[in-house]
Amino acid sequence: MRERVEMVFLGDFEPDSFAEFMRHRARRLSISADARRIDATRVDVAVEGEPALVDMFEMACSLGPIDCLVREAYRLEQGR
Amino acid sequence: MSLAEGWYAVAVADDIEPGTSAGTRLFDQELVVWRDLAGVSHVWEDRCPHRGMRLSFGFVRGNHIACLYHGWAYDTAGQCRAIPAHPDLAVPETIKVATYHAAEAAGLIFVHSALGAEAPPPPAPVPSGRALRSLYVDLPLRSVAAELSKGFTRQDDGSYAGTLAGVPVLIFLQPFTASRTALHLVLAGPGDAVAVSAAGEALRNSFEAAPHSVLEAAE
Ligand code: FES
C-alpha cells in the first residue's frame with residue numbers, strides 16, 4: 001500500500017541543506033519526496049510511499065539537519 | 001596526511017568472539033567490528049541508518065546485528081531486514097549499512113579502507129603466526145612508522161618485522177585517528193608471550209617518550 005501526503009515544515013531553514021537532507025532520507029527510505037517550496041521559513045513537500053516509511057520520513061525531517069530548526073510540522077490533508 | 005588505501009588490521013581476531021561487537025576507528029572513521037554466530041567477522045561503518053546510533057552498542061542475534069536504539073536488525077550484508085515498530089513492513093533495500101571488506105590473517109581482523117569498492121587480496125596468512133595483543137600510542141602513524149623503522153623491517157604487506165624479547169614478531173599498524181595509532185602484535189615464532197608483551201609495552205613507552213615535535217609539525 002502506498003500513500004501520498006503533502007507535508008509542511010515551518011521553522012528556520014538553510015534551504016540547500018534541508019533539500020539535501022530530504023533527498024538523502026527519501027532515497028534511503030525508498031519513497032518519493034517532491035519539494036514544492038523551500039525557503040528560509042517554510043518547506044512544502046509531496047511525499048509518496050509505504051505509510052510506515054512516510055511516517056519515518058516525517059519524523060526525520062521534523063528533526064532535520066543540524067543547521068535547520070523545525071518548529072512545526074503538519075500534513076495538509078489533516079485540515080490545515 | 002590522508003589515509004593510503006589498503007588493508008589495515010583493526011582487531012585481534014580472538015578478542016571479537018562470535019555474537020559480539022566492538023567499536024574501532026580507522027583514521028577517525030568510526031567502525032564496528034562484529035562476529036556473527038557462524039564465526040564470520042564483519043567491519044562496517046559504525047552508524048545505524050535509522051538515527052545514526054553506533055551499531056557497536058548493538059546486539060548480535062544469529063547472523064544479524066540489531067541496533068540498541070530502536071532494534072532495526074541488519075543481516076551480514078548490512079541490509080536492514082526487520083524494523084520492530086513495523087513488523088509487517090517490507091523493508092526497502094535502500095536501508096543498508098555501509099560495509100567494508102573484511103578478512104582475517106595472522107590472527108587479526110583486517111579491513112580494506114575503501115568503502116564498498118572491489119578490494120585487492122588481503123594480507124597473506126603468517127605461517128604459525130599468533131596474534132598477541134594490541135597497543136595504542138598517542139602519536140600519528142607516520143611518527144610510529146619512523147620509530148619502528150629504526151629496529152624493524154617494513155614488509156610488503158605493510159607490517160614491520162623484528163624481534164621483541166628475542167622472539168620474532170610482526171607489528172601491524174592501524175591509524176586510529178590522526179594522532180593515535182594502534183600496534184597489533186603478532187608472534188611469528190615460538191617464544192614467551194608474556195615477555196614479548198612486556199617488551200611491546202616498553203617499545204610503546206619509548207615511542208611516546210621520544211621527541212616528535214618535528215614529525216608532528218609536518219602533519
Ligand atoms: S537508531 Fe538504530 S534503530 Fe533507531
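The chains referred to below are lettered A, B, ... by the order of the sequence lines, with proteins before strands, and numbering in each begins at 1.
Interface with chain B: from residues 33-43 of chain A, no residue qualifies, criterion being any non-hydrogen pair under 4.5 Å. Against chain B, the residues from residues 11-25 of chain A that qualify, each with a non-hydrogen atom under 4.5 angstrom away, are A:Arg25 in number order. Of residues 47-57 of chain B, those residues lying under 4.5 Å from chain A by any heavy-atom pair are B:Pro49, B:His50, B:Arg51. At a heavy-atom separation below 4.5 angstrom, chain A is approached by B:Ile83, B:His86 within residues 76-86 of chain B.
For a residue to count as touching a neighbouring chain, one of its non-hydrogen atoms must lie under 4.5 Å from one of that chain's; by this rule A:Ile31 does not touch chain B. For chain B, the nearby part of A:Arg27 is the backbone; its heavy atoms alone come within less than 4.5 Å.
The number of heavy-atom neighbours closer than 6.0 Å to CG of B:Asp14, taken from other residues, nucleotides and ligands shown, is 12 or below. B:Arg130 CZ: 12 or fewer foreign heavy atoms inside a 6.0 Å radius.
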Report the C-alpha separation of A:Leu29 and B:Ile95 in whole Å, then their side-chain angles, then the decisive distance to 0.1 Å, and conclude whether the side-chain contact (heavy atoms from CB on, under 4.5 Å) test is met. CA-CA 6 Å; A:Leu29 296 170; B:Ile95 302 183; 3.8 Å; yes
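Considering CG of B:Leu89 and CG of A:Asp55, their distance stands at 10.5 Å, rounded to 0.5 Å.
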